[in-house]
Number of protein chains: 2
Amino acid sequence: MSRVIHNRIAMFRADAGLSRRDLADAVGVNPQTIGFLERGDYKPSLELALSIAEVFGVSVELVFSFEPFPSLSQQLAKGRE
Amino acid sequence: MSRVIHNRIAMFRADAGLSRRDLADAVGVNPQTIGFLERGDYKPSLELALSIAEVFGVSVELVFSFEPFPSLSQQLAKGRE
DNA sequence: ATTGAGTGTTGCGTTAACATAGCAATTTGC
DNA sequence: GCAAATTGCTATGTTAACGCAACACTCAAT
């Protein structure tokens, strides 16, 4: 069991106008931890993933996935906004 | 950051007619690990949570939640089946 | 009566998800 | 110009999520 997990933390964070420190404070972790997650250096615990999704007000699957996320430009071009 | 995470693994597993070994094999972990999760002895990684939800064909939030799940009898009584 | 499947639990070892500190590079505001 | 905020990266330490082995218990089937 070792699968790659893709995430859109940076995208949701930028959209919400939050810095890493802001998000880190909101979920109660170290700011570096957010950086490690965004870069894919390591995978979050379920607890942290649920907390992050909660802050953004979306489901876990919208932020984390085994499948790579399409680029924002691709997705908007499809009219799914 | 340390919140309790409730889960309905046992319920979904029973509904699917799977033993712990079956589920463990399906997601690629040790059978004891499933037992530990069901009892709440420890919380799963996001990777494991996504895999389990994938096996059951439901979203992560339907299996894992910060809020306790209502009993099955309660939920069926509400007519939400 | 006994075999096997499912489960509950304990113990020990490994690994990775965290915390924390530190420093350089870049950007933004004053 | 300088200072503060944000980010990128490295290093070290702790803790908990795992793997794995072992054993007891219950229950269904033969």
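Every chain is numbered from 1 and lettered A, B, ... according to where its sequence line falls, protein lines coming before strand lines.
Taking Asp25(A) as the reference, Arg21(A) meet the side chain to side chain contact (heavy atoms under 4.5 Å, CB included) condition, with sequence neighbours excluded. With sequence neighbours excluded, the residues satisfying side chain to side chain contact (heavy atoms under 4.5 Å, CB included) with Asn30(A) are Gln32(A), Thr33(A). Partners of Asp15(B) according to the side chain to side chain contact (heavy atoms under 4.5 Å, CB included) rule, which considers only residues two or more places apart in sequence or in another chain, do not exist here. Listed by chain and residue number, Phe36(B) satisfy the ring pair (Phe, Tyr, Trp, His ring centres under 6.0 Å) test with Tyr42(B) (two or more places apart in sequence, or in another chain). Not counting sequence neighbours, the partners of Arg39(A) by the side chain to side chain donor-acceptor pair (under 3.5 Å) test are Asp41(A). Partners of Ser65(A) according to the side chain to side chain donor-acceptor pair (under 3.5 Å) rule, which considers only residues two or more places apart in sequence or in another chain, do not exist here.
For the segment residues 30-68 of chain B, the set of residues with a heavy atom within less than 4.0 Å of an atom of DNA chain C comprises Gln32(B), Phe36(B), Arg39(B), in numerical order. Listed by residue number, Arg13(B), Ser19(B) are the residues of residues 9-19 of chain B with a heavy-atom contact under 4.0 Å to DNA chain C.
Using a 4.5 Å cut-off between side-chain heavy atoms of Ile, Leu, Val, Met, Phe, Trp and Tyr, with links allowed through other members, Leu37(A) and Ile5(A) fall into the same hydrophobic cluster.
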Distance-only donor-acceptor pairs under 3.5 Å for side chains of residues 57-64 of chain B, two or more places apart:
unit_1: Glu61(B); atom_1: OE2; unit_2: Val60(A); atom_2: N; d: 2.7

Donor-acceptor pairs are to be reported for all side-chain atoms of residues 43-52 of chain A against protein atoms at under 3.5 Å, with residues two or more places apart or in another chain.
unit_1: Lys43(A); atom_1: NZ; unit_2: Arg3(A); atom_2: O; d: 3.3
unit_1: Lys43(A); atom_1: NZ; unit_2: Glu47(B); atom_2: OE1; d: 3.1
unit_1: Ser45(A); atom_1: OG; unit_2: Leu48(A); atom_2: N; d: 3.1
unit_1: Glu47(A); atom_1: OE1; unit_2: Lys43(B); atom_2: NZ; d: 3.0
unit_1: Glu47(A); atom_1: OE2; unit_2: Ser2(B); atom_2: N; d: 3.2
unit_1: Glu47(A); atom_1: OE2; unit_2: Arg3(B); atom_2: N; d: 2.5
unit_1: Ser51(A); atom_1: OG; unit_2: Glu47(A); atom_2: O; d: 2.9

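A 4.0 Å heavy-atom criterion places the boundary nucleotides of DNA chain D facing chain A at dT6(D) to dT10(D), written 5' to 3'.
Within the structure, ring pair (Phe, Tyr, Trp, His ring centres under 6.0 Å) pairs that include any residue of residues 9-28 of chain A comprise Phe12(A)-Phe56(A) (at least two apart or interchain).
In this structure, Arg21(A) places its CZ atom 13 Å from C1' of dA21(C), rounding to the nearest Å.
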